[in-house]
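Each remark here refers to the structure printed beneath this line.
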Amino acid sequence: MGGGIAAYKAAEVLRRIQALGADVTVVPTRTALEFVGAATWSALSGRPVTADFFDNVHEVPHVRIGQQADLVVVAPATANLLAKSSYGLADDLLTNTLLTAHCPVVMFPAMHTEMWEHAATRANVATLRDRGVLVVDPDSGRLTGADSGPGRLPEPEAIAWIVQAALAKPNLTQDMRGRHIVVSGGGTRERLDPVRHIGNRSSGKQGMALAAAAVSRGARVTLIRGDVDVPTPAGVDVVDALTADEMLACARELAVAADVIIMAAAIADFRAETLPDAKIKKTDSSTLDLNLVHNPDVLATLVAERQGKAPLLVGFAAETGDDSGTWLEHAEQKFEKKGCDLMVANPVGHDRAFGTDTNEAVLLLGGGVTEEIPGTSKVELSQRVLDAVVERLV
Ligand code: CTP
């Protein structure tokens, strides 16, 4: 952790990473300890904490910590730390750790907008990215003083998404760098009257996990965000779209320049035929008639309007089996009908898939080829989906 005011948020980041089941060694810079002291980090991590490589020299910590880590997360990464790291300086325990790490390194910069946009910082970030370091763009918003702009450390839960995604991919590399990935996630809310809507049970977790996985592989990611009840991963550009029509408009606009569109959103197939200005009132009748009309099928429209091979289009098929076929048979029919390049088929039910952290799926890869992904975390499933996507990107 570098020495910026955002160090106060790093305590919560630590908690979130521990909650993922990780054992965390905290390595602050000397200036970071000016903001939050070693006692806090020791108590929270349950380990001794120092900024100096002259402490516990017999354990050779300046080499051992980096060598043994599965992932190095730098949050916050200050302009000074980015500069030192890009030049390979090694004058404290953290910069030594960065030089000896064999594992992926993820940096979350946080600084004033002027510093983030300065040519020196831009060059240092570019150097680090060229070397395979994942440098996640900061959030925009209120900074330390009264000013605001890009430079805020993302919220701890947003950082935790990226850490979780990075840990879920063996031999993580920046293999999606230079690609623009669009993900739709969450449910839709089709308005019935000024106070009511028709929604569905989608939590948005699978879409968020896909977005986090794409960020962890260096992609530029835009999320078409429907109705969700989970936080959005760090480094993701968000466009909010609550109805099928809004999702279609966003997807069409983004399709012009996107390399990949992954439709994980649970989109209502119908909406109310008319939208009254006044509330629908309760009547004495025991039933209520609602006239619903078809919504556009976003994925099928993108397939129909695609020119050439891009963007690669990935659909989801959340299915239950019924008298006419198994869930997988229904998914295969849907894959055929929608005409997308890949389809992620997964069984759903009253207690399956919705709102959970895990999912199971069969990837339909075209030409009758399938790949089974047994029950696993939504981020790991996302990484497997992206493995298949990367193979198809030329
Ligand atoms: N989808 C879409 N537009 C819609 C409905 C669905 O783009 N109006 C997309 C979903 O994002 C998903 C895929 O199509 O990628 C399959 O969605 P699903 O709800 O499983 O299928 P439907 O096409 O709605 O068919 P059905 O509800 O009859 O199973």
Side-chain angles (χ1 to χ4, degrees), residues 176 179-190 199-214 219 221-228 230 232-233 236-271 294-306 309-319 330-346 348 353-354 359 361-366 373 378 381-382 384-386 388-390 392-393:
M176 297 189 106
R179 304 291 189 174
H180 182 196
I181 313 299
V182 175
V183 178
S184 73
T188 45
R189 287 180 169 206
E190 298 293 344
N200 59 57
R201 292 181 57 205
S202 171
S203 64
K205 271 188 190 158
Q206 186 61 68
M208 297 299 180
L210 282 158
V221 182
T222 304
L223 175 71
I224 302 176
R225 184 172 63 184
D227 183 21
V228 295
V230 286
T232 301
V236 169
D237 293 328
V238 175
V239 280
D240 285 311
L242 278 178
T243 67
D245 274 339
E246 287 167 12
M247 286 211 175
L248 177 61
C250 290
R252 269 186 166 146
E253 208 177 306
L254 290 162
V256 177
D259 294 294
V260 184
I261 299 187
I262 306 178
M263 291 297 300
I267 303 174
D269 293 324
F270 296 93
R271 66 173 182 277
H294 259 294
N295 266 333
D297 187 313
V298 180
L299 183 57
T301 308
L302 293 176
V303 171
E305 292 179 354
R306 178 166 58 176
K309 283 187 150 186
L312 191 90
L313 295 170
V314 183
F316 268 71
E319 297 289 344
H330 284 306
E332 278 161 350
Q333 282 159 15
K334 192 173 283 178
F335 185 33
E336 184 104 339
K337 195 168 141 206
K338 300 240 179 187
C340 53
D341 301 293
L342 289 175
M343 187 152 258
V344 187
N346 62 306
V348 291
F354 291 111
N359 209 349
V362 173
L363 291 188
L364 307 180
L365 301 165
I373 307 177
K378 286 184 174 171
L381 185 137
S382 301
R384 296 278 297 272
V385 172
L386 294 187
V389 165
V390 167
R392 279 160 182 76
L393 290 175

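Numbering starts at 1 and runs along the sequence shown. Keep in mind that the numbers below use all heavy atoms, side chains included, and drop hydrogens, waters and symmetry copies.
One finds the CG atom of Leu254 at 5.5 Å from the OG1 atom of Thr222 (value rounded to the nearest 0.5 Å). Rounded to the nearest 0.5 angstrom, Ile373 CD1 and Asn346 CG are separated by 10.0 Å. Arg179 contributes atom CZ, which lies 12.5 Å from atom CG of Leu386 (distance to the nearest 0.5 angstrom). The structure places CD of Glu246 at 11.5 Å from CZ of Arg189, a figure rounded to the nearest 0.5 Å. The distance from the CE atom of Met343 to the NZ atom of Lys334 is 6.5 Å, given to the nearest 0.5 Å.
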**Request:** Go through the steps for Arg225 and Thr232 under the test side-chain hydrogen bond (donor to acceptor under 3.5 Å, both in side chains), then give the verdict.
**Result:** CA-CA 9 Å; Arg225 184 172 63 184; Thr232 301; 2.8 Å; yes
**Message:** I'd like to know whether Lys338 forms a side chain to side chain contact (heavy atoms under 4.5 Å, CB included) with Val303, so could you lay out the CA-CA distance, the side-chain angles of the two residues, the decisive distance to 0.1 Å, and finally the verdict.
**Reply:** CA-CA 8 Å; Lys338 300 240 179 187; Val303 171; 5.6 Å; no
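Pro233 approaches Ala211 most closely through the heavy-atom pair CG-CB, 4.3 Å. Across all their heavy atoms, Ala361 and Val344 have their closest contact at CB-CG1, 3.8 Å. Nearest heavy-atom pair, Ala255 versus Leu302, reported as atom, atom and distance to 0.1 Å: CB-CD2, 4.1 Å. Taking both residues in full, the closest heavy atoms of Leu365 and Ala388 are given as CD2-CB, 4.0 Å, listed atom of the first, atom of the second, then distance. Considering all non-hydrogen atoms of both residues, Ala219 and Ile181 come closest at CB-CG1, 3.5 Å. The shortest heavy-atom contact between Ser203 and Val230 is O-CG2, 3.6 Å.
Between Asp259 and Leu312, the closest side-chain pair of non-hydrogen atoms is not below 4.5 Å. Side-chain contact between Thr243 and Arg271 is absent, with no heavy-atom pair separated by less than 4.5 Å. Contact of the Met176 side chain with the Val221 side chain is not registered, since no non-hydrogen atoms from C-beta on lie closer than 4.5 Å. The side-chain heavy atoms of Asp297 and Leu299, taken from C-beta on, include a pair separated by under 4.5 Å.
Summarising the local packing, CD of Glu336 is surrounded by 12 or fewer heavy atoms from other residues, nucleotides or ligands at distances under 6.0 Å.
Checking each of Val389, Val260, Leu363, Leu364 against Leu342 for a side chain to side chain contact (heavy atoms under 4.5 Å, CB included) leaves exactly one that passes, namely Val389. No option in Asp245, Leu248, Ile224 other than Leu248 meets the side chain to side chain contact (heavy atoms under 4.5 Å, CB included) test with Val298.
Salt-bridge formation is not detected for the pair Asp341/Lys309: no Lys NZ or Arg NE/NH1/NH2 atom is positioned less than 4.0 Å from an Asp or Glu carboxylate oxygen.
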Return all side-chain donor-acceptor pairs below 3.5 angstrom for residues 261-269, not counting sequence neighbours, or 'none' if the list is empty.
none

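Looking at Glu190, its side chain never comes within 3.5 Å of a backbone N or O of Phe270 through a donor-acceptor pair. Here the side chain of Arg306 pairs a donor or acceptor atom with the backbone of Pro311 at under 3.5 angstrom.
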